[in-house]
Amino acid sequence: MDTIKQKKAVLFDLDGTLIDSEWFYYKAWKAVLATYGFTLGSDLWLSELAGKTDSQAFEVLRSRYGFQADKSEVFERARKRIAQQHDEEAVPLMPGSADLINFLHQRKVTMAVVTSSKREVATYHLERNGLRHFFDVLVSRTEVVHPKPDPEPYRRCVQQLGLQPEDCLVLEDSFTGATAAKAAGLTCFGVQPHESIRQVLVVDRSFDNLHEVREFLENQWTELN
């Protein structure tokens, strides 16, 4: 496997990788679905819905679990619930996010974000956490025709960076995101604290958290100098 020395860019997923938003969104969706009599468990959320767009998640609930409701109404209720939560609490960074970003920045490694969130939502989270200026490119659900697990978002990012797939390393926490990265021909590290999910990620290497990623990359860097 190529080491970080050969990589010119690191492409981060946002939700669940850079920011600890999966639990935040899980709470919102759990509350909304409960109003329809549907109990959303954390295992279902993490294993089948995390990393997907709202429409993709709704289709999973409909086709696999028989959930029946007006999609527009559900989305509007979710939007209001999420807005309410934003007023009540901040979405924190994942452990090790700031440390890894500063490590890469000091070594002049290009960074980008590739997310299934809408652009305004992604920008809001990055700016609120003081991170937006670190990333040369932001590819969101807003700019693509086919979101993850399709490779389009990652291919678009690599193109905008003016690089080749072999130049880039992806960090992802979900099966959906990892599938997209590998389909785009990219090296992908899985960063996932839940072992059951980590085991099903089709990635080049797996880690519990971003602290471990930083340590691994630093060791690789040291060995090559």
Side-chain angles (χ1 to χ4, degrees), residues 4 7 9-28 45-46 49-53 82 85-86 89-107 109-144 147-149 153-154 156-158 160-161 168-181 184 186-194 197-198 201 203-218:
I4 191 62
K7 301 299 182 185
V10 174
L11 283 48
F12 289 83
D13 169 55
L14 181 64
D15 297 298
T17 301
L18 266 183
I19 61 173
D20 194 7
S21 55
E22 294 297 1
W23 181 252
F24 179 90
Y25 289 124
Y26 165 65
K27 289 190 296 182
W45 174 264
L46 289 170
L49 304 182
K52 289 180 168 59
T53 66
I82 290 168
Q85 287 185 188
H86 276 307
E89 60 183 289
V91 180
L93 294 175
M94 291 295 287
S97 289
D99 185 43
L100 177 57
I101 288 170
N102 284 316
F103 168 80
L104 295 171
H105 179 67
Q106 290 169 4
R107 284 155 180 78
V109 177
T110 298
M111 288 178 278
V113 170
V114 181
T115 177
S116 291
S117 290
K118 293 181 180 178
R119 188 172 192 87
E120 60 267 27
V121 174
T123 300
Y124 168 82
H125 285 303
L126 291 172
E127 290 182 347
R128 185 166 184 173
N129 285 288
L131 298 179
R132 180 64 185 94
H133 66 286
F134 285 107
F135 300 102
D136 290 10
V137 168
L138 167 61
V139 175
S140 72
R141 182 172 80 201
T142 306
E143 292 87 51
V144 301
K148 304 173 188 178
Y154 279 111
R156 180 181 290 266
C157 183
V158 172
Q160 289 184 17
L161 289 171
C168 303
L169 168 67
V170 173
L171 301 180
E172 274 281 1
D173 73 302
S174 72
F175 180 83
T176 300
T179 299
L186 303 173
T187 299
C188 182
F189 286 178
V191 188
Q192 175 54 252
H194 299 278
I197 300 174
R198 192 167 61 246
L201 297 180
V203 292
D204 296 281
R205 191 178 291 268
S206 295
F207 300 87
D208 286 349
N209 55 63
L210 293 175
H211 288 300
E212 290 186 356
V213 175
R214 184 218 192 272
E215 183 177 21
F216 173 79
L217 296 180
E218 185 172 28

Q) Partners of K27 by salt bridge (Lys or Arg N to Asp or Glu O under 4.0 Å), sequence neighbours excluded? A) E89
(Q) Which heavy atom of D173 sits nearest to which heavy atom of I197, and what is that distance? (A) O-CG2, 4.3 Å
(Q) How about CH2 on W45, more than 12 heavy atoms from neighbouring residues, nucleotides or ligands closer than 6.0 Å, or not? (A) yes
Q. Between F24 and H86, what is the ring plane arrangement, given parallel below 30°, perpendicular above 60°, and tilted in between?
A. tilted
Q) Mind checking what makes salt bridge (Lys or Arg N to Asp or Glu O under 4.0 Å) contact with D20, not counting sequence neighbours? A) none
**Q.** Rounded distance (nearest 0.5 Å) linking atom CG of L217 with atom CG of L104
**A.** 6.5 Å
Q: To the nearest 0.5 Å, tell me how far N102 CG sits from R107 CZ.
A: 10.5 Å
Q: Using salt bridge (Lys or Arg N to Asp or Glu O under 4.0 Å) as the criterion, list what pairs up with R214, not counting sequence neighbours.
A: D99, E218
Q: Can you sort out the partners of F12 under ring-ring contact (aromatic ring centres under 6.0 Å, His included), two or more places apart, ordered by chain and number?
A: F135
**Q.** Residue list, side chain to side chain contact (heavy atoms under 4.5 Å, CB included) with S116, at least two apart or on another chain
**A.** T53, K148
Q. With A184, which residues qualify under side chain to side chain contact (heavy atoms under 4.5 Å, CB included), at least two apart?
A. P151, Y154, R155, L186
Q | Evaluation steps, side-chain contact (heavy atoms from CB on, under 4.5 Å), between L126 and F134 | A | CA-CA 9 Å; L126 291 172; F134 285 107; over 6 Å; no
(Q) Run the side-chain contact (heavy atoms from CB on, under 4.5 Å) test on V109 and K7 for me, step by step, so that the C-alpha distance in whole Å, both residues' side-chain angles and the decisive distance to 0.1 Å come before the verdict. (A) CA-CA 8 Å; V109 177; K7 301 299 182 185; over 6 Å; no
Q | Set of residues satisfying side chain to side chain donor-acceptor pair (under 3.5 Å) with respect to R132, sequence neighbours excluded | A | none
Q. Hey, what do you get for CE (M94) to CG (L171), rounding to the nearest 0.5 Å?
A. 11.5 Å
Q. Roughly how far apart are T17 OG1 and E172 CD, rounded to 0.5 Å?
A. 5.5 Å
(Q) If the condition is side chain to side chain donor-acceptor pair (under 3.5 Å), which residues does T176 pass it with, not counting sequence neighbours? (A) K52
Q | Contacts of E143 that satisfy salt bridge (Lys or Arg N to Asp or Glu O under 4.0 Å) - sequence neighbours left out | A | R119
Q) So how far is it from R205 CZ to E212 CD, rounded to the nearest 0.5 Å? A) 11.5 Å
**Q.** Test side chain to side chain donor-acceptor pair (under 3.5 Å) applied to Y25 - qualifying residues, sequence neighbours left out
**A.** H125
Q: In sequence, state the C-alpha distance, the side-chain angles, and the governing distance for L100 and V10, and then conclude on side-chain contact (heavy atoms from CB on, under 4.5 Å).
A: CA-CA 11 Å; L100 177 57; V10 174; 5.8 Å; no
Q. How would you list, by chain and number, every residue that makes a side chain to side chain contact (heavy atoms under 4.5 Å, CB included) with A112, sequence neighbours excluded?
A. L11, V137, C157, L161
Q. Rounded to the nearest 0.5 Å, what separation is found between the OG atom of S174 and the CG atom of L49?
A. 11.0 Å
Q: Please report the C-alpha distance between L18 and N129 in whole Å, then the side-chain angles of each, then the deciding distance to 0.1 Å, and finally whether the side-chain contact (heavy atoms from CB on, under 4.5 Å) criterion is met.
A: CA-CA 10 Å; L18 266 183; N129 285 288; over 6 Å; no
**Q.** Minimum heavy-atom distance between P92 and A90, given as atom pair plus value
**A.** CD-O, 3.4 Å
Q.
Could you work out, with side chain to side chain donor-acceptor pair (under 3.5 Å) as the rule, every residue matching S21, not counting sequence neighbours?
A. D15
